[in-house]
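Sharing a structure, written as structure tokens. Questions coming.
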Amino acid sequence: MSAMNQDRKTLIVANWKMHLNVHQSSLLLHRLNERIKIHRNIEVILAPSMLSLQPLSLELDRRKFKLAAQDAYFKDEGGYTGEVSFAMLGDLVEYCIVGHSSRRIYFGETLETVRDKVQAAVRNGITPIICIGETKQDRDAGEGRQVIHDQLTTALMNVTSRDLDKIVLVYEPVWAISTFDGIMAKPDDVEKAIAYMRMQIRELYGERAATKISILYGGSVNDTDVHGYLEVPGVDGALVGAASLNYHQFSAMVDVAYRMRLKV
Ligand code: 13P
């Protein structure tokens with residue numbers, strides 16, 4: 001029997017990263033639309049580039065897909081050339097990825113930047129999908145837990161118990177991401193890290209919050225190994241990178257999640 005928690009939805013997020021122009025994004029959406037069915041307990045969330053959000057929002061079937069931004073700036077408006085705010089995204093997306101490892105590593109986002117972005121998301125009615133995870137160096141130095149603890153507690157610093165209902169967490173071990181030449185994480189490692197994250201939530205917000213919050217797996221997955229991660233106790237879905245650009249693979253992953261929920 002699958003360990004999937006029946007009280008929480010399964011979330012499958014496609015992070016297209018900096019790939020696909022508007023036309024290509026639209027084409028991929030159409031391909032996915034042909035293959036993916038509406039599932040009551042499964043939410044399929046697409047995170048295209050900022051440029052494609054508006055056109056896709058007009059094209060997509062909202063019963064089937066939700067939209068997420070990949071990032072946004074924490075100020076609501078002002079002289080911040082080149083940035084897009086959560087306030088501007090308010091009518092367009094339900095979700096926004098916050099603190100993705102590429103933001104932390106390539107763009108120097110600090111614990112405090114991530115905290116401010118989480119606040120801005122909540123303030124503007126957008127659910128942040130907060131990525132938390134240690135690098136290979138952290139892991140080799142035996143500091144994985146500490147990094148998870150610091151990232152999680154800082155990100156949630158100003159989040160109230162009520163706001164927590166509109167937060168999604170991701171365990172994103174940087175050492176298991178293809179962009180950073182990662183290796184496959186063992187289900188056992190994922191289970192332990194996610195249990196640790198839930199324990200932190202329990203300490204900060206209590207038992208009910210710890211059972212309620214959705215935590216996804218954000219290391220590399222594909223259609224052949226996603227089942228193994230989705231059946232890890234405590235995992236409520238996946239944040240998919242490279243494999244989400246392939247419509248065969250991504251729709252197959254959604255299908256795996258669907259079958260797993262049917263089986264329970
Ligand atoms: P890949 O699936 O591309 O390895 O990355 C995972 C990830 O970063 C999801 O956001």
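In each ligand, atom 1 is the first atom listed, and ligand 1 is the first ligand listed. In this text, all values refer to a predicted model and were calculated from it rather than measured experimentally. Starting from 1, each residue takes its place in the sequence as its number.
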*Between L239 and ligand 1, which residue portion shows a heavy-atom distance shorter than 4.0 Å: side chain, backbone, both, or neither?*
both

*Of the protein's non-hydrogen atoms, which lies at the shortest distance from atom 3 (O) of ligand 1, and what is that distance?*
A242 N, 2.8 Å

*Looking only at distances, please establish whether an N/O atom of ligand 1 is found under 3.5 Å from an N/O atom of N15.*
yes

*Might you point out which heavy atoms bring W16 and L29 nearest each other, and give the distance in Å?*
CH2-N, 4.4 Å

_I'd like to know if the side chain of T113 pairs up with that of D116 as donor and acceptor (distance under 3.5 Å, no hydrogens or angles considered)._
no

*Of V235, D236, I215, T10, which is the lone residue that meets side-chain contact (heavy atoms from CB on, under 4.5 Å) with N5?*
D236

_Min heavy-atom dist G218 to ligand 1 below 4.0 Å_ = yes

*asked:* Under a 3.5 Å cutoff, is there a donor and acceptor pairing between the side chains of E191 and Y171?
replied: no

*How far is atom 8 (O) of ligand 1 from its nearest protein heavy atom, and which residue and atom is that?*
H100 NE2, 2.9 Å

*Name the closest protein heavy atom to atom 2 (O) of ligand 1, giving the residue it belongs to and the distance to 0.1 Å.*
G241 N, 3.1 Å

*Do any N or O atoms from the side chain of Q70 and from the backbone of A47 form a donor-acceptor pair under 3.5 angstrom?*
yes

_Within ligand 1, which atoms have a heavy atom of S178 less than 4.0 Å away?_
1 (P), 3 (O), 4 (O)

*asked:* Whether the side chain of R8 engages the backbone of K212 through a donor-acceptor N/O pair (distance < 3.5 Å, no angle test) should be reported.
replied: no

*Protein heavy-atom partner closest to atom 5 (O) of ligand 1 - residue, atom, separation in Å*: K17 NZ, 3.1 Å

*Aromatic ring centroids of F74 and Y80 under 6.0 Å?*
no

_For atom 4 (O) of ligand 1, what's the nearest protein heavy-atom neighbour? Residue, atom name and distance, please._
S220 OG, 2.2 Å

